[in-house]
Amino acid sequence: MDWLETLVVVVHVVIAVSLVGLVLIQQGKGADAGAAFGGGASQTVFGSQGSGSFLTRMTTFMAVIFFVTSFSLAIFAKQRAEVAGEAGIPVVQESSQAGAQAEQAPSADEQPAANSESEGGDALPELE
């Protein structure tokens, strides 16, 4: 099962880098002044519409794969968390015990004076 998770992580990273590259390659709709008047669009490699539709389809396809791998990694993480909980690894949980312990802590009036402790050789000197 670990090899499947490793494969999904590798595919996820490759798709992420490829997706960034594809987005950077694409040219915006109003990228230059000639694009508004159709200047030279019929002489492009991908036809009169340019490479827009091809790159848009590839970006959409890679985005779908990216979301699928993201979802798969989330499922793997959930399964690992459940296994860790069953193995006896402690899990942080908030409870009402923390509030009860805070109420039982002695107040400032009940604590010994700090000056008596600072006179010892270990304590740091007070800043003035």
Side-chain angles (χ1 to χ4, degrees):
M1 189 69 171
D2 285 336
W3 64 271
L4 183 62
E5 185 176 357
T6 304
L7 178 69
V8 172
V9 168
V10 169
V11 169
H12 186 73
V13 170
V14 169
I15 291 295
V17 172
S18 301
L19 193 58
V20 168
L22 269 176
V23 169
L24 290 176
I25 287 173
Q26 292 183 29
Q27 187 173 2
K29 298 242 185 237
D32 56 353
F37 301 108
S42 62
Q43 297 175 359
T44 60
V45 175
F46 293 104
S48 63
Q49 290 184 337
S51 61
S53 62
F54 173 73
L55 291 178
T56 303
R57 287 181 185 164
M58 284 302 296
T59 304
T60 304
F61 176 71
M62 289 188 146
V64 168
I65 293 174
F66 181 79
F67 286 124
V68 168
T69 57
S70 296
F71 189 70
S72 301
L73 290 173
I75 291 172
F76 288 140
K78 182 181 181 216
Q79 289 174 351
R80 282 189 182 251
E82 289 174 354
V83 169
E86 293 172 0
I89 298 174
V91 179
V92 177
Q93 294 180 354
E94 291 187 26
S95 66
S96 62
Q97 292 178 353
Q101 289 176 354
E103 292 174 3
Q104 294 175 353
S107 65
D109 297 334
E110 298 172 2
Q111 293 179 353
N115 291 340
S116 63
E117 293 177 3
S118 65
E119 293 174 1
D122 305 334
L124 297 174
E126 294 182 16
L127 297 175
E128 295 180 15

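All values below were derived from every heavy atom in this structure, side-chain atoms included, with hydrogens, water molecules and symmetry-related copies excluded.
- A continuous path of hydrophobic side-chain contacts links L73 to L4 [ILVMFWY only; heavy atoms under 4.5 Å].
- Distance check: T59 OG1 to F66 CZ gives 13.5 Å after rounding to the nearest 0.5 Å.
- The distance from atom CZ of F67 to atom NE2 of H12, rounded to the nearest 0.5 Å, is 10.0 Å.
- V10 and W3 are not part of a single hydrophobic cluster, where members link through side-chain heavy atoms under 4.5 Å apart.
- Linking ILVMFWY side-chain heavy atoms closer than 4.5 Å, directly or via other members, places I15 and I25 in a single hydrophobic cluster.
- When the side chains of ILVMFWY residues are joined at heavy-atom separations under 4.5 Å, either directly or via intervening members, L19 and F71 end up in two distinct hydrophobic clusters.
- Criterion: ILVMFWY side-chain heavy atoms under 4.5 Å apart, direct or through other members. Under it, L55 and F61 are part of a common hydrophobic cluster.
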